[in-house]
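All residue numbers refer to positions in the sequence shown, counting from 1. Owing to the predicted nature of the structure, the values given are computational and were not obtained by experimental measurement. All heavy atoms count here, side chains included; hydrogens, waters and symmetry mates do not.
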Amino acid sequence: MKVVALVRYRSGGKDSTYNMMKCVEDGHEIIALAHAHPPEDAAQEELDSYLFQTVGSSAVATIAECMDLPFYLQVIAGSAVTQTLDYELTKDDETEDLFALLRNVKNRHPDVAGVSVGAIFSSYQANRVQHVCDRLGLTMLAYLWHREQVGLLQEMVNNGVEAILIKVAAFGLGKGELGNTLRQAMPKLISLSEKYGIHACGEGGEYESFTLDCPLFKRRIVIDEIETITHSPDTYSPVLYLKLKKLHTVPK
C-alpha cells in the first residue's frame, strides 16, 4: 500500500517516525510526508492545539529532506470547535485543516491508499484522523495503538530512533531535559512513570520530541542553533520548549 505519513501530528516526532518504520516493516511504501503548521504570523510556535503538535514545525521540512520525499503543508486555520470525543464535520474546526491537507496529498498522489499516524492512546485524535480517512477513502495505519509505553519507548531507542526532547510539561521534567536524546532521557522518563504515573511516551503531553535520525533516513539532521522558550513558568511543572532556529542535514 502506498502511504502518506503525518509527521509531528500530535504524536511526537519519535512516534510518527517509528510508525513509519512499522509501515515499511509491514510491506507498505511511504511516498509522501504531510504536516500542519501554525500561521506565519502566529505569536508563538506553540499553539496549544487539541489536535496538532506545533513545536518544531519550522524544522519538519528537514525530515522530508532526509527521506527524499515530497512534503505537503497546511496552515492550521481552525480551532477545536468540537471538543467531544467523537467528531462530526464542523465548520472552522481544526480537523478540517487535516482534511484539506490529506485531500491535497490525495489529489497529487491518486494512488495513495493509507495514512501513517503515530497515535498511541488518544482516542480524541485517532477518531478525527479516522473520520478524515473515511471521507477520503483512506486506511489509517496506527501500529503503536494501545502499546504498553515503557516497552514501546525502549523498543524505539533499541531500533534506532534518535530523537531529542524539544518540549517538557510535567512534574520532574525541566530545562535540564530539553535537548536530551531519548536514550539519555529514558531512565528518568521510566522512573517518573513508575513513581507518578506519567506517560513514558509522552501521551499525556508530558513532553514532545523531534527526530534527528532513524533507519529510514538517507541523511541525518544536525541542529546548529536553538532558543529556549518559557511558555508557562509554573514552579513545579514549567512548560518549556526549544525553538529550532537553524538546522542542516549531512550524509549518513
* Please lay out, stage by stage, how Phe99 and Glu94 fare under the test side-chain contact (heavy atoms from CB on, under 4.5 Å). => CA-CA 9 Å; Phe99 177 81; Glu94 58 188 353; over 6 Å; no

Show me, pair by pair, the donor-acceptor contacts under 3.5 angstrom made by side chains of residues 218-226, not counting sequence neighbours?
{"unit_1": "Arg219", "atom_1": "NE", "unit_2": "Thr249", "atom_2": "OG1", "d": "2.8"}
{"unit_1": "Arg219", "atom_1": "NH2", "unit_2": "Thr249", "atom_2": "O", "d": "2.9"}
{"unit_1": "Arg219", "atom_1": "NH2", "unit_2": "Thr249", "atom_2": "OG1", "d": "3.4"}
{"unit_1": "Arg220", "atom_1": "NH2", "unit_2": "Glu162", "atom_2": "OE1", "d": "3.1"}
{"unit_1": "Arg220", "atom_1": "NH2", "unit_2": "Glu162", "atom_2": "OE2", "d": "2.7"}
{"unit_1": "Asp224", "atom_1": "OD1", "unit_2": "His248", "atom_2": "ND1", "d": "3.0"}
{"unit_1": "Asp224", "atom_1": "OD2", "unit_2": "His248", "atom_2": "ND1", "d": "2.8"}

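- Between Met156 atom CE and Gln149 atom CD the span is 8.5 Å, to the nearest 0.5 Å.
- Among all heavy-atom pairs drawn from Ile120 and Arg147, the shortest one is CG2-O, 4.0 Å.
- When all heavy atoms are compared, the tightest approach of Leu101 to Ala36 is CD2-N, 4.0 Å.
- For the pair Leu6/Leu98, a side-chain contact is recorded, criterion being any heavy-atom separation below 4.5 Å from C-beta on.
- A distance-only check finds a donor-acceptor pair linking the side chain of Lys14 to the backbone of Cys201 [under 3.5 Å].
- If you take CD1 on Ile164 and CG on Leu178, they are separated by 9.0 Å, rounding to the nearest 0.5 Å.
- The closest donor-acceptor contact from the side chain of Gln184 to the backbone of Thr181 lies under 3.5 Å.
- Val105 is connected to Leu136 through a chain of hydrophobic side-chain contacts under 4.5 Å among Ile, Leu, Val, Met, Phe, Trp and Tyr, so both are in one cluster.
- Looking only at side-chain heavy atoms (C-beta outward), Phe217 and Ile63 come within less than 4.5 Å of each other.
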* **Step-by-step side-chain contact (heavy atoms from CB on, under 4.5 Å) determination, Gln154 to Met186** => CA-CA 8 Å; Gln154 294 170 328; Met186 186 164 61; 3.7 Å; yes

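- Taking OG of Ser49 as the reference point, atom CG of Asp97 lies at 9.0 Å (rounded to 0.5 Å).
- Between atom OH of residue Tyr124 and atom CD of residue Gln83 there is a gap of 6.0 Å, rounded to the nearest 0.5 Å.
- No chain of hydrophobic side-chain contacts below 4.5 Å, direct or via other Ile, Leu, Val, Met, Phe, Trp or Tyr residues, connects Val250 to Leu69.
- Ion pairing between Lys188 and Glu177 holds under the 4.0 Å rule for side-chain N and carboxylate O.
- Side-chain atoms of Thr230 never come within 3.5 Å of backbone atoms of Ser232 as a donor-acceptor pair (strictly under, hydrogens ignored).
- In this structure, Glu227 contributes its side chain and Leu242 its backbone to no donor-acceptor pair below 3.5 Å.
- At a threshold of 4.5 Å between non-hydrogen side-chain atoms, the residues Glu29 and Cys23 do not count as touching.
- Closest heavy-atom contact between Leu189 and Ala200: CD1-O, 4.0 Å.
- Between Leu240 and Ile229 the shortest side-chain heavy-atom distance does not fall below 4.5 Å.
- For the atom pair CE of Met67 and CG of Leu216, the computed distance is 4.5 Å after rounding to the nearest 0.5 Å.
- Taking 4.5 Å as the limit, every side-chain heavy atom of Val81 sits out of range of all side-chain heavy atoms of Lys91.
- One distance of note links CG of Leu33 with OG of Ser116; it measures 9.0 Å at 0.5 Å rounding.
- With a 4.5 Å cut-off on side-chain heavy atoms, Thr95 and Thr82 do not count as touching.
- A centroid separation of 6.0 Å or more is found between the aromatic rings of Tyr207 and His199.
- Closest heavy-atom contact between Asp86 and Arg128: O-NH2, 3.8 Å.
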* Asked: Please walk me through it: do Val115 and Leu102 pass side-chain contact (heavy atoms from CB on, under 4.5 Å)?
  -> CA-CA 9 Å; Val115 178; Leu102 292 179; 4.1 Å; yes

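- Under the 3.5 Å distance criterion, the side-chain polar atoms of Thr17 are matched with a main-chain donor or acceptor of Gly13.
- Salt bridge present: Arg135 and Glu96 bring a charged side-chain N and a carboxylate O closer than 4.0 Å.
- For residues 138-176, the ring pair (Phe, Tyr, Trp, His ring centres under 6.0 Å) pairs, not counting sequence neighbours, are Phe121-His146, Phe171-Tyr196.
- Scanning both residues, Cys214 and Lys252, for their nearest heavy atoms gives O-NZ, 2.9 Å.
- For the pair Ser57 (side chain) and His37 (backbone), a donor-acceptor distance under 3.5 Å is absent.
- Inter-residue side-chain proximity for Ile166 and Ser209 is flagged as unmet; no heavy-atom pair is nearer than 4.5 Å.
- A side-chain donor from one of Asp134 and Gln130 sits under 3.5 Å from a side-chain acceptor of the other.
- Partners of Phe71 according to the ring-ring contact (aromatic ring centres under 6.0 Å, His included) rule, which considers only residues two or more places apart in sequence or in another chain, do not exist here.
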* List the steps and the verdict of side-chain contact (heavy atoms from CB on, under 4.5 Å) for His28 and Leu141. => CA-CA 10 Å; His28 302 300; Leu141 300 172; 3.9 Å; yes

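- In this structure a side-chain-to-backbone donor-acceptor pair under 3.5 Å is missing from Asn19 to Asp15.
- Proximity of Asp93 to Tyr87: side-chain heavy atoms (C-beta onward) are separated by under 4.5 Å at one or more points.
- Annotation for Leu244 and Ala59: closest pair CD1-CB, 3.8 Å, computed over non-hydrogen atoms.
- No hydrogens or angles considered: a donor-acceptor pair under 3.5 Å links the side chains of Tyr18 and Glu155.
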